[in-house]
Number of protein chains: 2
Amino acid sequence: MRITLNDVAKRAGVSRNTVSLVVNGKYDKVKEETRERVEDVIQEMGYVPNFAARQLTGKRTKTLGVILPPLRNAFSFYNMSEMSSGISDAAGAQGYNLMFFVCNERFKQGLNIRLLKDSRIDGGLILDNGRLVIHNIEELERDEIPFVILNYRLERPKTNYVAIDKEHGSYLAVKHLIDLGHRRIGFINGSLPQHIEERFYGYRRALDEAGINLDPECVVTVTEGWVEKTGYEAADMLLELPQPPTSIVTSSDLIAIGVYKRLKEKGLRVPEDISVIGYDDIPIARYQDPPLTTIRQPYYDLGVKAVDILMRFIKNRDQKSVHESIKPILVNRASCSYPPR
Amino acid sequence: MRITLNDVAKRAGVSRNTVSLVVNGKYDKVKEETRERVEDVIQEMGYVPNFAARQLTGKRTKTLGVILPPLRNAFSFYNMSEMSSGISDAAGAQGYNLMFFVCNERFKQGLNIRLLKDSRIDGGLILDNGRLVIHNIEELERDEIPFVILNYRLERPKTNYVAIDKEHGSYLAVKHLIDLGHRRIGFINGSLPQHIEERFYGYRRALDEAGINLDPECVVTVTEGWVEKTGYEAADMLLELPQPPTSIVTSSDLIAIGVYKRLKEKGLRVPEDISVIGYDDIPIARYQDPPLTTIRQPYYDLGVKAVDILMRFIKNRDQKSVHESIKPILVNRASCSYPPR
DNA sequence: TTGAAAGCGCTACCAC
DNA sequence: GTGGTAGCGCTTTCAA
């Protein structure tokens, strides 16, 4: 049996009450000498307060709940690990710990969201990978659980989110190419509902601004996900066009790497024959040959910001809900140049 | 106020007891019809059991505690993210969630280890980055909290650990070079107490087996950590030897990359002039020029295995303690070749 | 099958 | 400053 307050009190010859005061640092209400004795006993017996009991009386838990998306190898993904790092650094700085709710299917993720109501946490962070189950979100609102959604814009009056402005990211990429003189720009888009729209809008806006007509042939929307194979295959489609693009904007670095591969096979040089631009700035981007120009998504900052917002709501629930965007930035390396001739 | 068992019972016109039975799936003790009514009410009111209260009665929490090392950006490190992925996949598969105890200093890590006793978790996983505070470990033993240490060998009769056999890793690396014909092999070692010893032993063993005398000059033990700068500087020391080595074994891929850099500056080609071998197999290793031959450390598997062991102890505390090693493997790419001439 | 009552370990409030 | 008492929401006896 674990040591309880009672055990400590008995051994120290004081009441439970007194021990509780000592444990909670309310030293002004306990005689110095008593306090020391109690502390000695605590040390000696290795007493640690029972968290469940403490929670039951309605205290803050000093822990944040994190809902993971249904994903194997979750922490091995660049965006997940960066967000988690940001979250844990920011939470840790305020003395908060993290409860990660794990799931292997979307169904489970919905259940986990409900679990945020189960009293172990002071607030929740919901990490999205593009297919968020918003199923139980309204329950959270109803019960006034403070929570923030990361990486997905859920436009509800009582819901907070922080997301990366992917429209702006695509815009930056295309703008960069246009500035270099490109007029025919291929675009390989991903497959996640919200993300692909935003990315496409950015592509279109940059084109519009430059007075370039959008040629639908230049836009490939893939269904396989943000992996090398996707880029490899999409590159083919673009290259086989009657008038192939002089540059390719992708929606992930992995896709760009796939494009590289196909280009090399076809004897095309990057960036002399064709420019390529990635998205994400995962660590391997700068080690490509040539080093990949790409759009960095500040996922770490996203995590930090989400915690900041959440903390505000934990401290005071009566706040206007927050819908915030973080702007990605262009990382200029060596995969883009002037169009040939 | 959150919905409680009582609220549900009242609304459904039954006793708390009955609702509890339904919530816990003990359907054989409740009339079919009653059960349905109760379930409807639960759904309708959005009732979620209070976890704290449940815990207080001594139930399993179905959550595992994870003690993080004192590290900023923790999840951005290859080994941490891989271990975390392994842990979360394995825990999730058994319906377990994870409580991450965050810390920014060693002192805090010790406190967190004590927190494993606070009743929110069924067992603990302690992740080491080489400087484990074993301070409160004995308290865990005394209170019979099931726990497993990852990535550090703590030889205590009641402590479980899973670690990577780093001795074997170094051995593999050196052996590989010897098999290629190298006789003079530089070794850049890291700075973490336990790890450097193991790595050095592996280096020595391979040399011994081949009947090569160990020249202390060839061994550089760095203090700066496993980063590029370290490799860059250490390479210099090795190169300036009266008789420089024909190959270099490193203790991290990052160090190897630093070595690459210095070698290139000096006009030395890898592997024609000098062979280099990394350690870790982080994702960028294969994108180096030339692709880095390295020792893969299966951290994901380490996480999975740790959870397996922990689960055994949770289910039955009377087990012989487990001290287990996982063997790294050689990933043969293009940075090693025969010695010049 | 259902209901009443005790108790998990703690905090908070009350007198002393 | 200190000690008693109630009660947080649930599970688990034990009776009905």
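Naming: A, B, ... by sequence-line order, numbering from 1 per chain. Only this structure's heavy atoms are used, side chains among them; waters, hydrogens and symmetry mates stay out.
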Point to revise | Any Thr4(A) side-chain nitrogen or oxygen under 4.0 Å from OP1 or OP2 of dG9(C) | key: no

Check your understanding: Expressed in angstrom and rounded to an integer, what is the separation of Leu56(A) atom CG from dT11(D) atom P?
Key -> 12 Å

Check your understanding: On DNA chain C, nearest-nucleotide positions of Ala52(A) versus Leu21(B): which is more 5'?
Key -> Leu21(B)

**Study point:** Expected output: side-chain Ser84(B) to main-chain Phe75(A) donor-acceptor under 3.5 Å
**Key:** no

Practice item. Could you please name the option among dT11(C), dG3(C), dA5(C) that lies closest to any side-chain atom of Ser15(B)? Key: dG3(C)

**Study point:** Within 6.0 Å of CD in Glu155(A), more than 12 heavy atoms from elsewhere
**Key:** yes

Check your understanding: Can you tell me if the side-chain N/O atoms of Ser20(A) get under 4.0 Å from OP1 or OP2 in dA12(C)?
Key -> no

Review point. Does the side chain of Ser119(B) get closer than 4.0 angstrom to OP1 or OP2 of dG9(C) through an N or O atom?
Key: no

Review point. How close or far is atom C1' of dT11(D) from atom NZ of Lys29(B), stated in whole angstroms?
Key: 11 Å

Study note, to complete from the structure: Between CG of Asn50(A) and P of dC8(D) the distance, given in whole Å, is 18 Å

Check your understanding: Out of dT5(D), dT12(D), dG3(C), which has the shortest distance to the side chain of Arg16(A)?
Key -> dT5(D)

**Study point:** Between dG4(D) (C1') and Leu5(A) (CG): distance, integer Å
**Key:** 15 Å

Point to revise | Between Asn160(B) and Ser321(B), a side-chain donor and acceptor under 3.5 Å | key: no

Review point. In this structure, are over 12 heavy atoms from other groups packed under 6.0 Å from Gln319(A) atom CD?
Key: yes

Review point. Can you check the Asn24(B) CG to dG9(D) C1' distance for me, whole Å?
Key: 13 Å

Study note, to complete from the structure: Side-chain contact check for Lys31(A): nearest option of dG1(D), dT11(D), dA4(C) is dG1(D)

**Study point:** Out of dG3(C), dC10(D), dG4(D), whichever nucleotide has its closest atom nearest the side chain of Thr57(B)
**Key:** dC10(D)

Exercise for review: Would you indicate which nucleotide in dG3(D), dG3(C), dC10(D) comes nearest to any side-chain atom of Asn17(A)?
Suggested key: dG3(D)

Review point. Quick one: Lys10(A) NZ to dT2(D) P, roughly how many Å, whole number?
Key: 19 Å

Exercise for review: Could you check which of dC10(C), dT2(D), dT12(D) has an atom nearest any side-chain atom of Lys59(B)?
Suggested key: dT12(D)

**Study point:** Candidate nucleotides dC10(C), dC10(D), dG9(D), ranked by approach to the side chain of Tyr47(B) - the nearest
**Key:** dC10(D)

